[in-house]
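Step one of this worksheet: look at the structure below.
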Amino acid sequence: MSQPQYQDCFGTMFPDDLHLQINQPNKGKVFTIWLRQLEGSVLPIRSERSIETDFQQWEQCRECPVFESCYKLCVAKVTLESAIATQ
């Protein structure tokens, strides 16, 4: 059985949520997460959280022949990252 050839973007639709940075974009191929902290705040309080979607990249991903496999990998990674982030 031969190994499929994956593009470099395989499994990168979502950003790595274990290493999110505050006040800068946390980019995946399709989705970007923003965590904004109040200016001058002594405590690390995130005042705003938002997600941006690059719909052009989403359509490009959906047209990819390995989209379903890639999407499943992305969701599995997010699930595992969420599980260990709470530990």
Side-chain angles (χ1 to χ4, degrees):
M1 184 179 204
S2 66
Q3 186 78 343
Q5 293 296 317
Y6 296 118
Q7 295 181 22
D8 290 340
C9 60
F10 188 79
T12 64
M13 287 184 211
F14 305 120
D16 172 4
D17 69 351
L18 293 178
H19 303 97
L20 296 175
Q21 301 295 313
I22 296 175
N23 294 331
Q24 55 185 304
N26 296 279
K27 294 183 68 69
K29 182 170 191 232
V30 175
F31 301 100
T32 300
I33 296 174
W34 281 91
L35 304 174
R36 292 186 176 89
Q37 183 175 333
L38 288 171
E39 290 290 321
S41 175
V42 177
L43 299 174
I45 299 171
R46 294 181 201 113
S47 61
E48 182 182 338
R49 300 172 188 193
S50 62
I51 298 170
E52 296 173 358
T53 305
D54 185 329
F55 290 103
Q56 184 176 355
Q57 288 296 328
W58 176 251
E59 289 304 321
Q60 182 181 357
C61 287
R62 286 177 29 105
E63 293 172 6
C64 180
V66 295
F67 170 76
E68 187 173 330
S69 177
C70 179
Y71 182 76
K72 287 178 181 179
L73 177 63
C74 290
V75 170
K77 285 171 54 177
V78 166
T79 302
L80 288 170
E81 289 169 352
S82 296
I84 65 173
T86 60
Q87 298 303 312

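Quantities reported herein were computed from a predicted structural model and do not represent experimental measurements.
- Following chains of ILVMFWY side-chain contacts shorter than 4.5 Å, one can reach Trp58 starting from Phe14, so the two form part of one hydrophobic cluster.
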Going through the checks in order, is the side-chain contact (heavy atoms from CB on, under 4.5 Å) test met by Phe31 and Gln57?
-> CA-CA 9 Å; Phe31 301 100; Gln57 288 296 328; over 6 Å; no

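- In terms of modelled atom types and a separation under 3.5 Å, the side chain of Asp54 and the main chain of Lys29 share no donor-acceptor contact.
- Judged as a side chain to side chain contact (heavy atoms under 4.5 Å, CB included), and not counting sequence neighbours, the contacts of Leu18 are Asp16, Glu81, Ile84, Ala85.
- Closest approach of Asn26 and His19 over heavy atoms only: OD1-O, 4.1 Å.
- Considering CZ of Phe10 and OG of Ser69, their distance stands at 3.5 Å, rounded to 0.5 Å.
- In this structure, Cys64 SG and Arg62 CZ are separated by 12.5 Å, a value rounded to the nearest 0.5 Å.
- When side chains are defined from C-beta on, Cys70 does not count as touching Tyr6, because their heavy atoms never get closer than 4.5 Å.
- Looking only at side-chain heavy atoms (C-beta outward), Ser50 and Arg36 come within less than 4.5 Å of each other.
- Evaluation of the side chain to side chain contact (heavy atoms under 4.5 Å, CB included) rule for Thr32 yields Pro25, Lys27, Trp34, Glu52 as partners, not counting sequence neighbours.
- Atom CD of residue Gln7 and atom OG1 of residue Thr12 lie 9.5 Å apart, to the nearest 0.5 angstrom.
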Which pairs would a plain distance check flag for residues 71-78, meaning a side-chain donor or acceptor within less than 3.5 Å of a matching protein atom at least two apart in sequence or in another chain?
from	atom 1	to	atom 2	distance (Å)
Lys72	NZ	Glu68	OE2	3.1
Lys77	NZ	Gly11	O	2.8

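- Around CD of Gln24, the count of heavy atoms belonging to other residues, nucleotides or ligands within 6.0 Å exceeds 12.
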